Amino acid sequence: MATSSITKNFIIDSDQVETFVNALEASANDKTPRVPVNLTYLQGADQILKFMERRKKTDAASK
């Protein structure tokens with residue numbers, strides 16, 4: 001198989017394994033804080049059309 005020829009060329013020593021495991025543990029312990037987001041759920045075609053019209057006006061004003 002092709003994968004056997006690829007993986008036989010890798011040599012991983014214990015220092016590399018320890019570094020990798022430490023990086024995994026650090027990323028698991030370093031939680032990204034939640035950022036509050038203001039959102040509105042659109043329900044129905046009329047709300048979507050109204051939202052898109054406001055978006056078009058905002059985009060045109062920013063140009």
Side-chain angles (χ1 to χ4, degrees):
M1 294 190 115
T3 55
S4 63
S5 64
I6 293 171
T7 58
K8 76 176 183 179
N9 296 328
F10 286 101
I11 299 171
I12 301 172
D13 64 5
S14 61
D15 291 335
Q16 291 174 320
V17 172
E18 187 173 345
T19 302
F20 179 70
V21 171
N22 288 341
L24 286 177
E25 288 177 355
S27 69
N29 293 332
D30 185 25
K31 299 291 182 187
T32 304
R34 290 184 179 254
V35 178
V37 177
N38 188 11
L39 67 109
T40 302
Y41 290 100
L42 301 175
Q43 296 177 344
D46 56 332
Q47 288 183 352
I48 295 171
L49 289 171
K50 189 175 179 180
F51 174 78
M52 294 305 289
E53 287 298 321
R54 283 191 292 170
R55 182 174 167 235
K56 287 179 187 176
K57 289 178 186 176
T58 304
D59 288 347
S62 66
K63 290 182 179 181

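The structure displayed is predicted, hence computed values, not measured ones. Counting from 1, the numbers follow the sequence of the chain as shown.
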Q: What side-chain donor-acceptor pairs closer than 3.5 Å can you find for residues 40-52, not counting sequence neighbours?
A:
residue: Q47; atom: OE1; partner: Q43; partner atom: N; Å: 2.5

Q: Sequence neighbours excluded, which residues qualify as side-chain contact (heavy atoms from CB on, under 4.5 Å) partners of Q16?
A: I12, D13
Q: Please set out all donor-acceptor pairs under 3.5 angstrom arising from side-chain atoms of residues 17-32, sequence neighbours excluded.
A:
residue: T19; atom: OG1; partner: D15; partner atom: O; Å: 2.8
residue: N22; atom: ND2; partner: E18; partner atom: O; Å: 3.2
residue: S27; atom: OG; partner: A23; partner atom: O; Å: 3.4
residue: S27; atom: OG; partner: L24; partner atom: O; Å: 2.9
residue: N29; atom: ND2; partner: E25; partner atom: O; Å: 3.2
residue: K31; atom: NZ; partner: A28; partner atom: O; Å: 3.3

